[in-house]
Amino acid sequence: MKLVAGNWKMHDRGRALATAICGRLGARRVDVLLCPPFPYLREVGEALAGSGIALGGQDLHWEAQGAFTGAVSARMLLDTGCTHVIVGHSERRLLFGDTDASVAAKVQSALVAGLTPVLCVGETLQERDAGFAQRRIRSQVEAAFRPGCIVAYEPVWAIGTGRAASPDHARDAAQTIRVAAGPDTRVLYGGSVNATNCAPFFSVTDGALVGTASLDAEAFAAIVRAAEASS
Ligand code: PEP
């Protein structure tokens, strides 16, 4: 089954957007996941009740509790109704110092608690231009993947730039990920996916992790419909 996940990042969206998305999605043959900012998890969860749309956090700390100002644990995400959590997003790696080691610890903590991690991997522009894309993807997967993870291939140069990877590039990355993580691993593509360009990605991956376009209910619903059409 395809999965379309929305990463709302640090955008000021909560119940209203969740309600608008629910209103546009009827019975579905694809899985849908919404990841709002932490403070809105509860109200988004309420808006999603009975819809079958899953709720996820955007990050977590690997410890269960303690003096970690600003952080949340896997248990706290579970308590707010989450079933999934994004781990190792490139913005966390580049702006907040997440490393392969800390990403691996977060994945482990999420799995132990019963959350499904959406492990993000992807090469930078420099790595791509130097011919290291597949090697970087493989090393990130080998460092942090555990059975039970979904993997999102998100080339850093495609995130928020309006310049999506080609479907061929996404297919090659998905193949590298499945060689490293196992042939049944669910692999998503993320990076400037929108309602116009999404269809080819659903032919070569198991779904999409959507940032900017997930903030627009109509655009997000159109992406979900495209995923259904390719299922
Ligand atoms: C993301 O941040 O996960 C993402 C894919 O963003 P965008 O769709 O805006 O490129």
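Start at 1 with the first residue, then count along the sequence. First listed ligand is number 1; within each ligand, the first listed atom is number 1.
Near Gly191, the atoms of ligand 1 lying under 4.0 angstrom from a non-hydrogen atom of the residue are 5 (C), 10 (O). Residue Gly160 has at least one heavy-atom neighbour below 4.0 Å for each of these atoms of ligand 1: 7 (P), 9 (O), 10 (O). Close approach of ligand 1 to His89 (heavy-atom distance below 4.0 Å) involves ligand atoms 1 (C), 2 (O), 3 (O). Residue Lys9 has at least one heavy-atom neighbour below 4.0 Å for each of these atoms of ligand 1: 1 (C), 2 (O), 6 (O). Short contacts between ligand 1 and Gly211, defined as distances under 4.0 Å to a heavy atom of the residue, involve ligand atoms 4 (C), 5 (C), 6 (O), 7 (P), 8 (O), 9 (O).
A distance of 11.0 Å separates CD in Glu218 from CD1 in Ile223, rounded to the nearest 0.5 Å.
With salt bridges taken as basic N to acidic carboxylate O contacts below 4.0 Å, one links Glu46 and Arg15. Salt bridge present: Arg92 and Asp59 bring a charged side-chain N and a carboxylate O closer than 4.0 Å. At a threshold of 4.0 Å, the pair Asp216-Arg13 does not count as salt-bridged, since none of the basic side-chain nitrogens sits closer than that to a carboxylate oxygen.
Ring geometry, Tyr153 versus Tyr189: the interplanar angle falls from 30° to 60°, so the pair is classed tilted.
Summarising the local packing, CG of Asp12 is surrounded by 12 or fewer heavy atoms from other residues, nucleotides or ligands at distances under 6.0 Å.
With a 4.0 Å heavy-atom cut-off, ligand 1 is reached by the side chain of Asn7 but not by its N, CA, C or O. When heavy-atom distances to ligand 1 are checked against a 4.0 Å cut-off, Ala158 comes that close only through its backbone atoms N, CA, C and O.
Polar contact check, Thr212 against ligand 1: a nitrogen or oxygen pair lies under 3.5 Å apart.
Proximity of Ala213 to ligand 1 is not established, as no heavy-atom distance is less than 4.0 Å.
In this structure, Arg136 forms no cation-pi arrangement with Phe132, as its terminal cationic atom is not both closer than 6.0 Å to the ring centre and no more than 45° off the ring axis.
The nearest protein atom to atom 3 (O) of ligand 1, hydrogens excluded, is given as Glu154 OE2, 2.8 Å; this is a heavy-atom distance.
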